[in-house]
Amino acid sequence: MAKRDGHELTDSQIDWVIDAYTKGVVADEQMSALAMAILLRGMRRRETARWTQAMIDSGERMDFSSLGLPTADKHSTGGVGDKITLPLAPIVAACGVAVPQLSGRGLGHTGGTLDKLESIPGWRASLTNAEMMKQLREVGAVICAAGAGLAPADKKLYALRDVTGTVEAIPLIASSIMSKKIAEGTGALVLDVKVGSGAFMKDLGSARDLAETMVSLGKDAGVHTVALLTDMSTPLGNTAGNAIEVRESVEVLSGGGPNDVVELTLALAREMLAAAGVAADPEEALRSGKAMDTWRALITAQDGDPDAPLPEARESEVIRAPASGVLTRLDALSVGLAAWRLGAGRASQGEPVQAGAGVQWHARPGDSVTQGQALFTLHTDEPNRFERASQALSDAFEISSDANLPELSPLIIDRIS
Ligand code: URA
C-alpha cells in the first residue's frame with residue numbers, strides 16, 4: 001500500500017517482502033499488486049539497490065576466484081536476431097578471460113541463447129556448479145542455464161511479471177538482470193542495452209535510464225560494469241531463429257558472417273577485455289582460429305557435436321520484393337513476430353520450440369533490391385504457420401526509389417560507464 005500511495009519503501013519492508021514472497025508467505029496476488037504499483041510509481045535508486053540485494057540474498061552466490069583468471073560476462077536486454085553471445089564467449093575466452101555466461105530462453109518475439117544452442121545435436125544447457133568450474137578451467141567459457149539456486153526470488157517474480165503486464169518497469173528489469181549477474185560472481189560485466197522496436201526499451205531515454213541504473217547497481221556491488229546502447233530497430237544479421245542463427249554465428253567464427261554481427265561482437269569483446277583488465281586483440285583471436293577452437297571445445301564439453309549437421313525445417317516459403325529500389329527500413333519487431341509465429345519462439349514458459357524454424361532476410365537497410373527478388377525466406381515444420389508469419393512481415397519493410405535516402409541509424413549509439 002505504501003508504494004500504491006506513492007511512498008518510498010523502507011529497507012526492512014523490501015527485505016521482508018522479497019524473503020516472504022520467495023518462501024510463499026506473500027501470495028502471487030499481493031506481489032503482483034506491488035509490482036504494478038512499482039511499474040506505475042517507480043522506485044528510487046536506493047530502493048532499487050536494496051531490492052537487488054534482497055534478490056541476491058534469496059539464493060547462493062557463485063565465486064570464481066579459485067580459477068585464478070579474470071572473469072567477464074555480457075548481458076543483452078534482448079532483441080531479434082541477437083546471436084552475439086555465441087561468437088562472443090569463445091572470442092573473449094580465447095583472449096584469456098574466463099566467460100561464465102548464464103543465459104536464458106526466449107519468450108515472445110525475442111530469441112533465447114539457450115534455445116539457439118539446443119538446436120545443436122546433443123548440446124546440454126544445464127550444468128552443475130562443479131561442471132561449470134571444470135569447463136571454465138579447461139575451455140575458458142561456458143554458456144548455460146542459471147541454476148535454481150541463483151536469485152530464486154527473481155525466478156518467481158519474473159514469471160509473475162510476465163503474466164501480469166509488469167515486465168516493463170525499469171527498476172524491476174534492472175534489479176532482475178543485475179541480481180542474477182552479481183550473484184553469478186563475474187568480475188566484469190558488459191551490458192548490451194537494446195533500443196528500438198524489437199527491444200524492451202523502444203526509446204533512447206528509457207534505454208539510457210535502464211543502462212545507467214544497471215551500471216550503478218553493478219559498480220556498487222564491486223563489478224566492473226559498462227553498457228553499450230545499441231540499435232534494435234533493425235534485426236541483427238540476416239537470420240532470426242535457432243539453428244539458422246547458430247549457422248550464422250559459426251560463419252562469424254570462421255572469419256565471415258554479416259558485418260553488423262561482426263562489428264557488435266568485436267565491440268563487446270573489446271569492452272569485456274578492457275573491463276577485465278586484459279590487453280588482447282579479439283580480431284586476432286578470430287583470425288588465428290583460436291576462437292573457433294574454443295567454440296568447438298565449448299560445444300563438445302556440453303555434450304554437443306560441433307560437426308553434426310544442424311536441423312533444417314521441413315518447409316520453406318519465399319516472400320519477394322514488390323518493387324525495385326533501396327530497402328530503407330526492416331522492422332525488428334515484425335521480423336521477431338514472424339520468427340515466433342513460424343515456431344522459433346514460445347508463447348508461454350516451458351513450451352518447446354522448433355529448432356529449424358525462423359526467418360532469413362536477403363537484404364538489409366541500405367541495400368538495393370530488384371522487384372521479384374527474394375526478400376525473406378520463411379522456415380517451419382508446420383506450413384499452416386506461413387500465413388500468419390507473412391502477415392507479420394507485410395508492413396515490416398520499405399523500398400524507396402527516392403534518390404535522397406534517409407541516414408541509417410548507427411549500430412552502437414552510446415556507451416555508459
Ligand atoms: N531480462 C531479465 O532477466 N529480467 C527482466 O526483468 C527483463 C529481462
Side-chain angles (χ1 to χ4, degrees), residues 18 21-22 28 31-32 34-40 42-43 47-49 51-56 58-59 62 73-80 82 84-85 100-116 125 143-184 186 189-196 198-202 206-215 217-218 221 223 225 227-230 232 332-333 336 340 345-346 348-349:
I18 296 289
Y21 180 59
T22 312
D28 279 347
M31 196 58 167
S32 50
L34 177 56
M36 185 57 81
I38 291 170
L39 181 124
L40 297 174
M43 281 207 286
E47 294 174 282
T48 310
W51 187 277
T52 307
Q53 189 58 48
M55 296 218 289
I56 295 169
S58 72
M62 299 181 74
D73 191 6
K74 185 264 315 188
H75 181 86
S76 156
T77 56
V80 179
D82 186 358
I84 302 291
T85 295
Q101 177 79 53
L102 298 184
S103 295
R105 290 174 201 285
L107 197 60
H109 73 275
T110 62
T113 297
L114 300 182
D115 294 322
K116 299 182 209 298
I143 305 175
C144 64
L150 208 80
D154 176 64
K155 273 203 185 68
K156 210 173 158 189
L157 181 57
Y158 193 20
L160 181 76
R161 286 164 56 214
D162 186 42
V163 292
T164 54
T166 51
V167 168
E168 279 89 356
I170 287 176
L172 294 180
I173 298 176
S175 55
S176 165
I177 292 171
M178 294 307 291
S179 62
K180 286 174 284 203
K181 293 292 161 182
I182 296 166
E184 167 199 289
T186 184
L189 176 65
V190 176
L191 299 161
D192 181 3
V193 178
K194 303 285 188 199
V195 55
F200 269 129
M201 300 293 128
K202 310 288 181 202
S206 44
R208 198 181 292 282
D209 189 2
L210 176 62
E212 284 170 357
T213 308
M214 291 197 290
V215 168
L217 288 172
V223 180
T225 311
L228 295 185
L229 295 182
T230 72
M232 190 30 74
L333 177 60
W340 178 59
R346 55 175 66 77
S348 61
Q349 283 183 1

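Whatever order the structure lists ligands and atoms in, that order sets their numbers, starting from 1.
For atom 8 (C) of ligand 1, the closest non-hydrogen atom of the protein is Tyr158 OH, 3.2 Å.
Atom OG of Ser175 is separated from atom CD of Glu47 by 11.0 Å, given to the nearest 0.5 angstrom.
In the vicinity of Phe200, heavy-atom distances shorter than 4.0 Å reach the ligand 1 atoms 7 (C), 8 (C). Atoms of ligand 1 found under 4.0 Å from any heavy atom of Arg161 (numbered from 1 in listed order, with element): 5 (C), 6 (O). Ligand 1 places these atoms under 4.0 Å from at least one heavy atom of Ser176: 2 (C), 3 (O), 4 (N), 5 (C), 6 (O).
Looking only at atom types and distance, the side chain of Lys181 has no donor-acceptor partner in the side chain of Thr186 under 3.5 Å away.
Between Ile173 and ligand 1 there is a heavy-atom distance shorter than 4.0 Å.
The side chain to side chain contact (heavy atoms under 4.5 Å, CB included) with Met214 is formed by just one residue from the set Thr225, Val193, Asp209; it is Val193. Of the residues listed (Thr77, Asp192, Asp82), the one engaging Thr230 in a side chain to side chain donor-acceptor pair (under 3.5 Å) is Asp192, and it is the only one.
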Open item on the list: Does Thr22 form a side-chain hydrogen bond (donor to acceptor under 3.5 Å, both in side chains) with Lys156? I'd like the steps, not just the answer.
Closed with: CA-CA 7 Å; Thr22 312; Lys156 210 173 158 189; over 6 Å; no
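For ligand 1, one of its N or O atoms has an N or O atom of Lys180 under 3.5 Å away.
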